[in-house]
Amino acid sequence: SRWEEEKKEDGVKWTQLEHRGPYFAPPYEPLPENVRFYYDGKPLKLSSAAEEVATFYAKMLDHEYTTKEIFQNNFFHDWRKEMTPEEQEIIQDLSKCDFSEIHKYFVDKSEARKALPKEEKQKLKEEADKIQEEYGFCILDGHREKIGNFKTEPPGLFRGRGDHPKMGMLKKRIMPEDVVINCSKDSKIPEPPEGHKWKEVRFDNTVTWLASWTENIQNTLKYIMLNPSSKLKGEKDWQKYEVARRLKDVVHEIRARYRADWKSKEMKNRQRAVALYFIDKLALRAGNEKEEGETADTVGCCSLRVEHIRLHPRLDGQEHVVELDFLGKDSIRYYNRVSVEKRVFKNLELFVKNKDPSDDLFDRLSTTFLNKHLQHLMDGLTAKVFRTYNASITLQEQLKALTNPDDSVAGKLLSYNRANRAVAVLCNHQRSVPKTFAKSMEILQAKIDAKKKQVEEARQELKKAEDELEDTKDAKAEANVEKKKKLLKRLEEQLARLNVQATDKEENKQIALGTSKLNYLDPRISIAWCKKFGVPIEKIYNKTQREKFAWAIAMANEDFEF
DNA sequence: GGCTCGGACTCAGAAAACTGTTG
DNA sequence: ACAACAGTTTTCTGAGTCCGAGC
């Protein structure tokens, strides 16, 4: 079937690849005459290039970004580069720029789009579908596969995460002349848009991307690649979990080894052993070095600095407590107080000694050195495998501990969510509290209160019916009692379900479950659990997720053990 | 032979788009 | 019946990890 096909030569990813090339962002549409930009209170007609960049800023006006000085400065600097000399002469000060009319124009436009009659919307949908149909698929080794991102990124203002030094810079429009096409030699080579040509067409079957271009902010490559539902991605995903399962077999030896290395005479090895302990116990990321000033200041394990930890010999009744507080990937804060082994604690005291807060905690350690060591311990082992392994094994253990076979499907789903949540907490997957959280929680609480009242009423009615039966002892009264009992039971179940929902919601407030579900949890664990406890897979995975995990659905039965 | 740096890939949360429910 | 809106799914693209080519 789809998941079992002939092996390719080492490093070769496909033998046939055919596609239409990327779908380009639509060209800039100038503003209507009546929508004006004002400088220093006076209307000013901008050149097309300057106007386009102005609209990028205007669109973001009610976003917090535009209040930040770095954003404003970067924007203004790049905007001026797009201006004519005359415009440069006039427009010297961002604070004198008034984009409000332009902003309103786009707000109105988006409102109008939303208010379009049904048929119009339908027409737009059909046009989008046609583009998807034409550009959204490729042929890879005879199979029609969905492409992940078949559109080039439109121009706009760069929005980094966290305190990014480049926020507000102009992201340039991608032209066909910027794009490298990758496909098979004998395929129908994609045509560049009329009057344009590709930067290059190559036939590299050792990579999986269909097209690429260099992005001008960080000067890095961007790719057009396949959708996760594709066979190519699915097999890679499967492989990832197989590596993590192999770690399961040797993790005890590896742990014994790093514990022994806490006493190593080589400082380098000691640091490696303590870092590995963090990676294993706390599921920290490896922490590569980053170029200063190019990105937000974030760290992972190997790049932790002295200022990111505090050592408490004793805290809240626990011994050897390490308090970690740093910004990780995407500038998400990691905060944790964890009691560690005495030897780890003593080592950390040693690593911190005579250092400034901004010095590296593991000054002799790099991710390359760490990964070399791991590779030596197990084929294919790298730092990130520990995250996958610990996430998946945690899910499996939590499911085992939390699932009650006698629960309703809803109850089992709560258990599943809790197991999933334990993993998300471990991996520090957070989200901002949804804007509507408090409100929707109130609504839910009101529902619960109303249901409670109903339950109480039903209880009294039942009591009344029972009293009546006591008096009359007739069949009609008995039937009535049964009826009331049934009603009460149904209402109580409904109440229980609502309570479960409320608990789930509250516990989930700041936790993002999606990332672990999609990237860290071996789907076969979940599928086996569904089969074992009679929970439909659709309750766990939506359509997209089922497509992504098709490989796992095809192979996992209820006996699967990670 | 170690190191740097570009390249290719996975993983990340926010925002937009869509859907289904409710008043 | 229908609009508002809350919840869910999809899209978007930035931010990591890790490898290997080339010096």
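Reminder, nothing fancy here: chain letters follow the sequence lines and each chain counts from 1. Below, all heavy atoms of this structure are taken into account, side chains as well, without hydrogens, waters or symmetry copies.
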What are the residues of residues 158-165 of chain A, sorted by number, that bring a heavy atom to within less than 4.0 Å of DNA chain C? A:Phe158, A:Arg159, A:Gly160, A:Arg161, A:His164

Nucleotide-resolved protein contact map, nucleotides 1-8 of chain B, B/S/- at heavy-atom distance under 4.0 Å: ------SB

Residues in ring pair (Phe, Tyr, Trp, His ring centres under 6.0 Å) with A:His63, at least two apart? A:Tyr65

Checking A:Ile511 now: which residues fulfil side chain to side chain contact (heavy atoms under 4.5 Å, CB included) with it, not counting sequence neighbours? A:Arg421, A:Ala424, A:Val425, A:Asn508, A:Leu513

When rounded to whole Å, the NZ to P distance for the pair A:Lys171 and C:dT13 reads 5 Å

May I have all residue pairs that pass salt bridge (charged side-chain N to carboxylate O under 4.0 Å, His left out) and include part of residues 358-379 of chain A, sequence neighbours excluded? A:Lys355-A:Asp363

Who passes ring pair (Phe, Tyr, Trp, His ring centres under 6.0 Å) against A:Phe158, sequence neighbours left out? A:His164

Taken to the nearest whole Å, CZ/A:Arg546 to P/C:dT8 is 15 Å

With a non-hydrogen cut-off below 4.0 angstrom, is A:Arg113 in contact with a base, only sugar-phosphate, or nothing? nothing

Does A:Lys222 have any side chain to side chain donor-acceptor pair (under 3.5 Å) partners at least two apart in sequence or in another chain, and if so, which? A:Glu153

What integer distance in Å separates A:Lys125:NZ from B:dA16:C1'? 15 Å

Could you tell me whether A:Gln430 contacts a base, only the sugar-phosphate backbone, or nothing, with contacts defined as non-hydrogen atoms closer than 4.0 Å? sugar-phosphate

Among all residues two or more places apart in sequence or in another chain, which pass the ring pair (Phe, Tyr, Trp, His ring centres under 6.0 Å) test with A:Tyr223? A:Trp209

For A:Glu127, all residues meeting side chain to side chain contact (heavy atoms under 4.5 Å, CB included), sequence neighbours excluded: A:Lys123, A:Leu124

Whole angstrom is fine here: how far is it from CD in A:Gln545 over to C1' in C:dT8? 10 Å

Could you list the donor-acceptor pairs under 3.5 angstrom formed between side-chain atoms of residues 293-302 of chain A and any protein atom two or more places apart in sequence or on another chain?
unit_1	atom_1	unit_2	atom_2	d
A:Glu294	OE1	A:Lys166	NZ	3.0
A:Thr295	OG1	A:Lys290	NZ	3.4
A:Asp297	OD1	A:Arg305	NH1	3.0
A:Asp297	OD1	A:Arg305	NH2	3.4
A:Asp297	OD2	A:Arg305	NH2	2.7
A:Thr298	OG1	A:Lys290	NZ	2.6

Less than 6.0 Å separating the ring centroids of A:Phe150 and A:Tyr135? no

Do any pairs count as a ring pair (Phe, Tyr, Trp, His ring centres under 6.0 Å) and have a residue in residues 410-435 of chain A, sequence neighbours left out, and if so which ones? A:Tyr416-A:Trp529, A:His429-A:Tyr520

Could you go through nucleotides 16-20 of chain C and list every protein N or O atom that sits under 3.5 Å from one of its N or O atoms, giving the distance for each pair?
unit_1	atom_1	unit_2	atom_2	d
C:dG16	OP1	A:Thr298	OG1	2.6
C:dG16	OP1	A:Asp330	N	3.3
C:dG16	OP2	A:Lys290	NZ	2.9
C:dT17	OP1	A:Ala286	N	3.3
C:dT17	OP1	A:Gly287	N	2.6
C:dT17	OP2	A:Asn288	N	2.9
C:dT17	OP2	A:Asn288	ND2	2.9
C:dC18	OP1	A:Thr382	OG1	2.7
C:dC18	OP1	A:Ala383	N	3.3
C:dC18	OP1	A:Lys384	N	2.8
C:dC18	OP2	A:Asn371	ND2	3.1

